[in-house]
Amino acid sequence: MSELIERIIESINIVDFISEYVQLKKRGKNYVGLCPFHHEKHPSFTVNPEAQLFYCFGCGKGGNVLNFVTEFYCCSFNEAVQMLSERLGITEKKDPIIEFNIKMAKLFHNTLLKSKRAQQYLDSRNISVEDAKKFNIGLIPKNFSDILRKKDLESVAEKAGISKKLSYVLAGRISFAFIDQLGNVCGFAARTMENKEPKYINTATSLLFKKEKMLFGLNFIKNKTKVYIVEGYFDAITCLKHDIPAVATGGTALTVHQLRQLAHFDKVIAAFDGDKAGFKAALKAFKNAVITNIVVSAVFLPEGEDPDSLIRKQGKESFLNLKEFELSDVFLNIINKLPANKAVKKLNRFKKFLNSVHTEYAKILRKRLEIENITSLRNSREKDNEFEKHLLYILFSDKKILKHAAEKNLLCVLSPNAQQAVKSYLETEKLPQDCPYTPLLAKATISPASKEIVTKTVKLLQIKKTKMALK
Ligand SMILES: [Zn+2]
């Protein structure tokens with residue numbers, strides 16, 4: 001594994017890689033750009049080609065190319081290793097589930113090409129055969145389970161979320177492929193052509209396909225700064241066909257995991273129905289926006305319309321011109337319309353919720369509602385934590401002095417986790433995978449603290465240690 005990690009880091013030029021996601025400009029020996037992990041107007045996101053590391057002076061995220069991928073795609077370190085090794089073609093084998101899914105997407109599409117009836121159905125939804133190809137729409141064959149059995153694919157199908165039982169249920173339905181931002185086919189949604197209930201059935205959760213995480217259309221919105229979140233697959237496709245970047249949730253409430261994948265967009269706009277249910281859904285989305293620290297705007301559709309029908313009937317401008325509301329305004333508007341006692345109750349519940357969330361967005365809202373009442377305990381604990389991080393950044397800036405401090409046993413004033421990280425760094429020149437202090441090491445490499453500050457800090461450690469001994 002670690003050999004693979006080294007190969008990935010050696011093979012990928014971090015400047016080229018990050019340039020695919022962030023517009024970078026050369027500044028001195030570094031490159032800078034607008035951070036994809038927090039909102040900013042002036043670039044504090046820095047990439048150092050020499051060290052092959054990135055660091056954001058705004059939000060403190062940093063590390064190597066693998067750390068970038070874990071942050072950007074909200075995935076685990078191992079998933080990042082897999083993604084990049086596949087991209088480089090240095091993995092021994094492609095994931096069998098991905099291979100199976102690619103095969104199935106092809107099979108479904110070829111089946112569609114042979115079915116007049118399915119083509120007619122799609123035509124009634126304004127989707128041509130070319131559209132179907134572009135958006136990976138297909139038809140699941142009637143004898144799907146036979147095909148799986150004959151081709152000896154039943155066991156991998158099971159792993160990919162298609163049990164034998166499900167293969168019968170899926171047969172004869174229109175398929176939509178979920179493709180992630182790296183182009184992997186992760187799973188499928190299947191729609192009936194006969195208005196049978198349920199209208200949609202998804203392939204089951206698998207290692208690759210987590211429904212609460214998946215968004216349809218993610219592979220079509222690369223390099224965009226703004227994105228619409230819509231409900232249905234047909235809504236997303238109609239938007240995309242009209243050059244409106246959009247992803248579909250598939251009709252479920254917007255989850256935290258889905259939102260996190262959209263964190264790097266400058267603007268996230270969710271489209272809701274203009275009825276009571278739509279407002280309810282907007283409030284749910286608002287809570288998740290606060291949790292994920294992503295400011296989400298909302299547009300409300302005219303009653304009886306969805307983005308697909310609206311754009312088809314009245315043109316894309318009618319959709320793009322829908323009035324946008326920030327979700328917090330939607331919330332406060334609803335509160336303002338309630339009778340006083342109900343409003344107070346609802347507001348109190350919301351305050352409780354805000355106090356349980358530690359994002360910048362929650363902080364701003366607390367201020368807005370004048371309810372800055374975080375316990376002093378949490379504050380002081382956070383301050384301690386921040387102080388230690390600052391110490392580590394300074395210590396990482398000069399390896400010689402750090403070594404000296406370690407030898408004099410001055411690091412005993414740090415938390416056990418921090419001590420462990422320093423030990424590993426001194427022994428191997430590296431931090432353990434997934435170490436929370438990786439951004440600090442990146443920061444120290446890109447912009448080390450001055451020798452004077454490092455020396456002062458070591459003196460401070462000495463004083464702290466003495467104080468601890470006297471206690
Ligand atoms: Zn940042």
Side-chain angles (χ1 to χ4, degrees), residues 9 12-77 80 84 181 221-227 256-268 288-297 357-365 382-383 385-394 396-397 431 434-449:
I9 293 171
I12 294 179
N13 179 340
I14 195 165
V15 177
D16 294 341
F17 185 84
I18 292 183
S19 292
E20 287 179 27
Y21 303 88
V22 180
Q23 252 190 32
L24 293 175
K25 270 195 207 116
K26 191 143 206 269
R27 185 186 288 168
K29 57 175 189 172
N30 293 329
Y31 289 81
V32 296
L34 292 175
C35 179
F37 308 123
H38 84 281
H39 278 271
E40 62 177 7
K41 290 206 173 106
H42 304 288
S44 45
F45 179 83
T46 309
V47 185
N48 180 296
E50 203 181 308
Q52 289 288 305
L53 293 169
F54 74 94
Y55 181 75
C56 174
F57 290 88
C59 65
K61 298 223 153 89
N64 60 30
V65 67
L66 284 159
N67 301 118
F68 181 84
V69 170
T70 55
E71 287 294 342
F72 196 87
Y73 290 114
C74 302
C75 63
S76 71
F77 193 81
L84 291 186
Q181 278 147 307
I221 52 166
K222 261 190 167 182
N223 303 324
K224 303 280 187 214
T225 52
K226 165 173 153 178
V227 64
V256 167
H257 297 283
Q258 287 169 331
L259 263 180
R260 285 213 169 107
Q261 295 186 78
L262 304 174
H264 53 283
F265 285 91
D266 288 345
K267 191 150 201 200
V268 179
N288 287 340
V290 175
I291 292 170
T292 51
N293 204 27
I294 298 169
V295 177
V296 178
S297 300
V357 181
H358 305 154
T359 57
E360 196 62 26
Y361 196 1
K363 206 164 144 190
I364 292 167
L365 289 170
E382 256 173 21
K383 262 185 210 146
N385 208 337
E386 283 307 307
F387 180 67
E388 179 165 282
K389 278 187 178 166
H390 191 61
L391 273 182
L392 277 175
Y393 153 66
I394 293 171
F396 282 142
S397 298
L431 290 179
D434 250 350
C435 175
Y437 305 117
T438 302
L440 302 170
L441 182 56
K443 182 184 178 186
T445 312
I446 290 173
S447 162

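Count residues from 1 along the sequence. Numbering of ligands and ligand atoms starts at 1, following listing order.
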(message) Quick check on E20: does its CD atom have over 12 non-hydrogen neighbours (other residues, nucleotides or ligands) under 6.0 Å away?
(response) yes
(request) Apply ring-ring contact (aromatic ring centres under 6.0 Å, His included) to H264 and list each qualifying residue two or more places apart in sequence or on a separate chain. (result) F72
(request) Using the side chain to side chain donor-acceptor pair (under 3.5 Å) rule, collect all pairs that involve residues 25-34, keeping only residues at least two apart or in two chains. (result) N30-N48
(message) With salt bridge (Lys or Arg N to Asp or Glu O under 4.0 Å) as the rule and sequence neighbours excluded, what pairs involving residues 59-73 come up?
(response) K61-E71
(request) Around the Zn ion (ligand 1), list the protein N/O/S atoms within a radius below 2.8 Å, excluding water molecules. (result) C35 SG, H38 ND1, C56 SG, C59 SG
(request) Could you grab the distance from atom OG1 of T46 to atom CD1 of I18, nearest 0.5 Å is fine? (result) 10.5 Å
(message) Please tell me whether F68 and Y21 form a close aromatic pair, meaning their ring centres lie under 6.0 Å apart.
(response) yes
